Amino acid sequence: YTVRSTVVGSGLTGVVKLAQNRHTGQECAVKSLALPKLTSTRADVGRADAFASEVAIALSTDHPHIARVEDVYESSRRVHMVMEYLRGGNLCEVLRQSGALPE
């Protein structure tokens with residue numbers, strides 16, 4: 001994946017950047033989290049646990065209004081969750097502007 005500097009979202013566990021799949025050319029979104037070190041604080045470990053939970057939930061979710069997880073991989077210092085890139089802002093922004101979405 002080629003991760004760009006364009007931030008398309010953020011949350012408790014990290015920022016989401018626009019990326020491109022090197023093999024298909026398809027745009028995607030990548031959320032990354034630094035791996036906790038042995039000397040990490042409880043907050044760092046808590047964020048890592050929250051990220052792991054987010055990945056597990058996202059992998060088990062199949063809904064047209066929620067970005068699908070396409071890949072999860074670990075580099076030497078970070079863990080990355082690659083998601084389908086859905087244009088139009090994040091869900092919170094869409095709900096704020098449009099109200100409830102149909103199921």
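As the structure is a prediction and not an experimental result, all values here were calculated from the model.
Annotation: side chain to side chain donor-acceptor pair (under 3.5 Å) contacts of R4 (sequence neighbours excluded): Q20, E27. For S75, the side chain to side chain donor-acceptor pair (under 3.5 Å) partners two or more places apart in sequence, or in a different chain, are H80. Partners of A58 by side-chain contact (heavy atoms from CB on, under 4.5 Å), not counting sequence neighbours, listed by chain and number: V69, M81. Partners of Y1 under the side chain to side chain donor-acceptor pair (under 3.5 Å) rule, at least two apart in sequence or in another chain, are D71. Checked against side-chain contact (heavy atoms from CB on, under 4.5 Å), S5 has no partners two or more places apart in sequence or in another chain. Partners of T2 by side chain to side chain donor-acceptor pair (under 3.5 Å), not counting sequence neighbours, listed by chain and number: R22.
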Give the intermediate values and the outcome of side chain to side chain contact (heavy atoms under 4.5 Å, CB included) for residues E70 and N21. CA-CA 10 Å; E70 297 177 349; N21 184 312; 5.7 Å; no
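At a threshold of 4.5 Å between side-chain heavy atoms, the hydrophobic network of Ile, Leu, Val, Met, Phe, Trp and Tyr places V30 and V8 in two separate groups. Linking ILVMFWY residues whenever their side-chain heavy atoms come closer than 4.5 Å, directly or via other members, places V3 and V82 in the same cluster. A single hydrophobic cluster is seen to contain both L59 and V16, as judged by linkage of ILVMFWY side chains at heavy-atom distances under 4.5 Å, directly or through other members.
Other members of the cluster containing I57 do not exist, because no ILVMFWY side chain is joined to it at under 4.5 Å.
Pairs of residues two or more places apart, or lying in two chains, never qualify as salt bridge (charged side-chain N to carboxylate O under 4.0 Å, His left out) while including a residue from residues 5-20.
Rounded to the nearest 0.5 angstrom, L18 CG and R87 CZ are separated by 7.5 Å. Separating the CZ atom in R68 from the SG atom in C28 is a distance of 11.0 Å, to the nearest 0.5 Å.
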